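Comments concern the structure below.
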Amino acid sequence: MQKTAVAVNSNKTKWAYQDFTWALSLFGTAVGAGILFLPITAGAGGFWPLVILALIAFPMTWFAHKSLARFVLSSSKKDADITDAVAEHFGKKGTNIITVAYFFAIFPIVLIYGVGITNTVDSFMNHQLGMTSIPRWLLSGVLIGLMTASVVFGKELMLKVTSVLVYPLVFILLVLSIYLIPDWNMSMVHTKTDWSSMPLVIWLAIPIIVFSFNHSPIISQFSKEQRRVYGDNAVKKTDMITGGAAMMLMVFVMFFVFSVVLSMTPAQLSMAKSDNISVLSYLANIKSSPVISYLGPIIALAAITSSYFGHFLGAHEGLTGLIKSRSTMPVKKIEKLSLAFIVIVTWIVAIINPSILDMIESIGSPMIAAILFLLPVFAMQCVPAMAKYKTSPIAQVFTAICGIAAITSVIYGTFFS
């Protein structure tokens with residue numbers, strides 16, 4: 001009987017169909033609007049820095065997400081999520097600090113998508129449909145209002161739609177990456193590389209990598225489910241599945257990035273950044289192919305919309321929780337105030353139209369890096385319950401360096417560049 005039990009446990013650590021499904025879910029969470037802006041920043045430093053970024057993307061993504069999964073699993077509660085783990089290990093004050101940090105990691109992304117959806121639709125109307133621009137305050141208000149209404153009044157439907165939407169979206173992006181191959185040119189490869197400045201280029205590009213490969217919002221529920229199904233084998237499962245998702249992301253996303261970068265010139269990448277639009281919208285404006293002209297903006301629209309739904313829900317729940325813990329107002333009233341605050345601020349930011357890449361690098365990525373890269377490593381050193389969940393010293397050091405690099409590069413870029 002004992003040998004049979006051991007065999008069953010051993011089988012639980014092997015790949016199964018549900019493991020592949022979870023890997024796809026993690027992959028789908030990361031594949032959003034962020035990758036549509038990734039080629040602009042990742043390719044700005046030249047071809048060889050892009051190669052190095054591609055090589056470090058896998059360990060960056062895997063080490064960080066498997067460490068966060070282990071942090072969730074370290075709770076003594078069998079059905080604990082990340083909030084329970086934080087409360088257990090760091091107490092009420094620590095929970096408040098991390099909850100605030102988590103809100104400010106998600107909320108800026110909602111703002112980014114408010115700007116992104118407005119610019120994508122405006123560019124599509126101007127270049128593909130030949131229409132005159134609608135006043136920005138009206139266009140942004142209508143788009144943000146429609147997306148928010150879809151979430152508020154059809155939450156279950158929207159969650160189902162977005163979970164299904166990611167797979168055709170991924171397939172179309174893959175097809176588009178292959179479609180661009182005939183347009184590849186060597187201008188990026190032949191651009192002279194300043195090897196002395198390469199460390200600086202890579203350092204400054206790390207925040208956009210962190211943002212584009214991030215699937216931390218689903219890690220909590222993912223880890224919780226693995227513990228429910230596999231018990232003590234959950235750590236091996238989460239390590240294996242997060243590794244599979246990270247590998248898929250590296251291969252697929254970086255293929256897309258390389259295909260886009262090699263089909264453009266450095267000047268065009270710079271122009272896309274100054275126009276404050278996704279790389280697909282820019283390609284649609286400069287390519288004569290009707291496939292790219294219409295498919296590019298549609299993909300961008302679908303990616304931004306699907307990403308907006310999930311992040312809006314997270315931001316709304318986070319803000320409601322923050323206010324609820326500090327107020328005696330009825331929960332319904334708090335939810336309405338939170339909703340109004342998020343919508344109004346997103347609308348104002350969309351009207352102002354700040355640089356999307358600057359917002360990603362200066363607001364979104366540092367908070368994500370703090371929670372995803374630094375929190376689990378800190379817990380491994382300071383929380384006794386994390387002792388058996390420690391990753392290797394090399395993984396810990398690498399993860400901490402990447403997290404610190406993401407935060408310090410923003411500081412440098414803000415004050416010194």
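Computed from a predicted model, the values in this text were never measured in an experiment.
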Going by salt bridge (charged side-chain N to carboxylate O under 4.0 Å, His left out), name the pairs with one or both residues in [range], residues two or more places apart or in two chains.
{"range": "residues 55-70", "answer": "R70-D239"}
{"range": "residues 178-188", "answer": "D183-K287"}
{"range": "residues 201-225", "answer": "E225-R228"}

Task: S177: side-chain contact (heavy atoms from CB on, under 4.5 Å) partners, not counting sequence neighbours - done: F255, F256, S259
Between [atom1] on residue [X] and [atom2] on residue [Y], distance to nearest 0.5 Å:
{"X": "L204", "Y": "S409", "atom1": "CG", "atom2": "OG", "result": "6.0 Å"}
{"X": "L319", "Y": "I106", "atom1": "CG", "atom2": "CD1", "result": "11.5 Å"}
{"X": "W137", "Y": "I348", "atom1": "CH2", "atom2": "CD1", "result": "14.0 Å"}
{"X": "I334", "Y": "H316", "atom1": "CD1", "atom2": "NE2", "result": "10.0 Å"}
{"X": "T118", "Y": "N353", "atom1": "OG1", "atom2": "CG", "result": "8.0 Å"}
{"X": "W48", "Y": "M198", "atom1": "CH2", "atom2": "CE", "result": "9.0 Å"}

With a 4.5 Å limit on heavy-atom distance, are the side chains of [X] and [Y] in contact?
{"X": "I56", "Y": "L53", "value": "yes"}
{"X": "I209", "Y": "L38", "value": "yes"}
{"X": "K92", "Y": "N96", "value": "yes"}
{"X": "V51", "Y": "F258", "value": "yes"}
{"X": "V110", "Y": "Y113", "value": "no"}
{"X": "N126", "Y": "S133", "value": "yes"}
{"X": "F124", "Y": "M131", "value": "no"}
{"X": "L24", "Y": "M248", "value": "yes"}

Where the side chain of [X] meets the backbone of [Y], is there a donor-acceptor pair that is under 3.5 Å apart?
{"X": "R326", "Y": "L322", "value": "yes"}
{"X": "R227", "Y": "L73", "value": "yes"}
{"X": "Q128", "Y": "A284", "value": "yes"}
{"X": "Q396", "Y": "T391", "value": "yes"}
{"X": "S365", "Y": "P207", "value": "yes"}

Within the 3.5 Å criterion, strictly below it, is a donor on [X] or [Y] matched to an acceptor on the partner's side chain?
{"X": "W347", "Y": "S140", "answer": "yes"}
{"X": "T265", "Y": "N185", "answer": "no"}
{"X": "N285", "Y": "S123", "answer": "yes"}

- [ ] Verify ring pair (Phe, Tyr, Trp, His ring centres under 6.0 Å) between F27 and F252, making sure each step is shown before the conclusion.
- [x] CA-CA 10 Å; F27 175 79; F252 172 81; 5.6 Å; yes
TODO: Carefully, step by step, assess L283 and Q268 under the rule side-chain contact (heavy atoms from CB on, under 4.5 Å).
DONE: CA-CA 9 Å; L283 282 173; Q268 288 173 332; over 6 Å; no
Looking only at heavy atoms, which two atoms of [X] and [Y] are closest? And how far apart?
{"X": "S75", "Y": "E88", "result": "OG-OE1, 2.7 Å"}
{"X": "A245", "Y": "L26", "result": "CB-CB, 3.8 Å"}
{"X": "V279", "Y": "P39", "result": "CG1-CG, 4.0 Å"}
{"X": "A272", "Y": "I40", "result": "CB-CD1, 3.9 Å"}
{"X": "S281", "Y": "T120", "result": "OG-CG2, 3.8 Å"}
{"X": "V345", "Y": "L111", "result": "CG1-CD2, 3.9 Å"}

Is the number of heavy atoms from other residues, nucleotides or ligands under 6.0 Å of [X] [atom1] greater than 12?
{"X": "M271", "atom1": "CE", "answer": "no"}
{"X": "I394", "atom1": "CD1", "answer": "no"}
{"X": "K390", "atom1": "NZ", "answer": "yes"}
{"X": "F58", "atom1": "CZ", "answer": "yes"}

Open item on the list: Which residues pass the side-chain hydrogen bond (donor to acceptor under 3.5 Å, both in side chains) test with T238, not counting sequence neighbours?
Closed with: none
Task: With T61 via side-chain hydrogen bond (donor to acceptor under 3.5 Å, both in side chains) - residues at least two apart - done: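 side-chain hydrogen bond (donor to acceptor under 3.5 Å, both in side chains) check on T61 returns nothing, list empty.
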[X]: what forms a salt bridge (Lys or Arg N to Asp or Glu O under 4.0 Å) with it, not counting sequence neighbours?
{"X": "R136", "result": "none"}
{"X": "D122", "result": "none"}
{"X": "D275", "result": "none"}

Task: Intermediate values then yes/no, side-chain contact (heavy atoms from CB on, under 4.5 Å), I241 and Q226 - done: CA-CA 10 Å; I241 296 170; Q226 299 314 304; 3.8 Å; yes
Can you list, pair by pair, the side-chain donor-acceptor contacts under 3.5 Å of residues 400-408, counting residues two or more places apart and other chains?
residue	atom	partner	partner atom	Å
T408	OG1	W203	NE1	3.2
T408	OG1	I404	O	2.7
T408	OG1	A405	O	3.4

Donor-acceptor list for residues 369-380 side chains, cut-off 3.5 Å, not counting sequence neighbours:
none

- [ ] Could you label the plane-to-plane angle of the F71 and F90 rings as parallel, tilted or perpendicular, counting under 30° as parallel and over 60° as perpendicular?
- [x]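 Ring orientation of F71 relative to F90: parallel.
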Listed pairs under 3.5 Å, donor-acceptor, residues 213-220 side chains, sequence neighbours left out:
residue	atom	partner	partner atom	Å
N214	OD1	S216	N	3.0
N214	OD1	S216	OG	2.7
H215	ND1	F213	O	3.1
S220	OG	I82	N	2.8

Open item on the list: Under the criterion side-chain contact (heavy atoms from CB on, under 4.5 Å), I'd like the reasoning laid out for Y412 against L200: C-alpha separation, chi angles, the key distance, then a yes or no.
Closed with: CA-CA 10 Å; Y412 176 86; L200 178 63; 3.8 Å; yes
- [ ] Report the C-alpha separation of L339 and T148 in whole Å, then their side-chain angles, then the decisive distance to 0.1 Å, and conclude whether the side-chain contact (heavy atoms from CB on, under 4.5 Å) test is met.
- [x] CA-CA 9 Å; L339 178 69; T148 304; 3.8 Å; yes
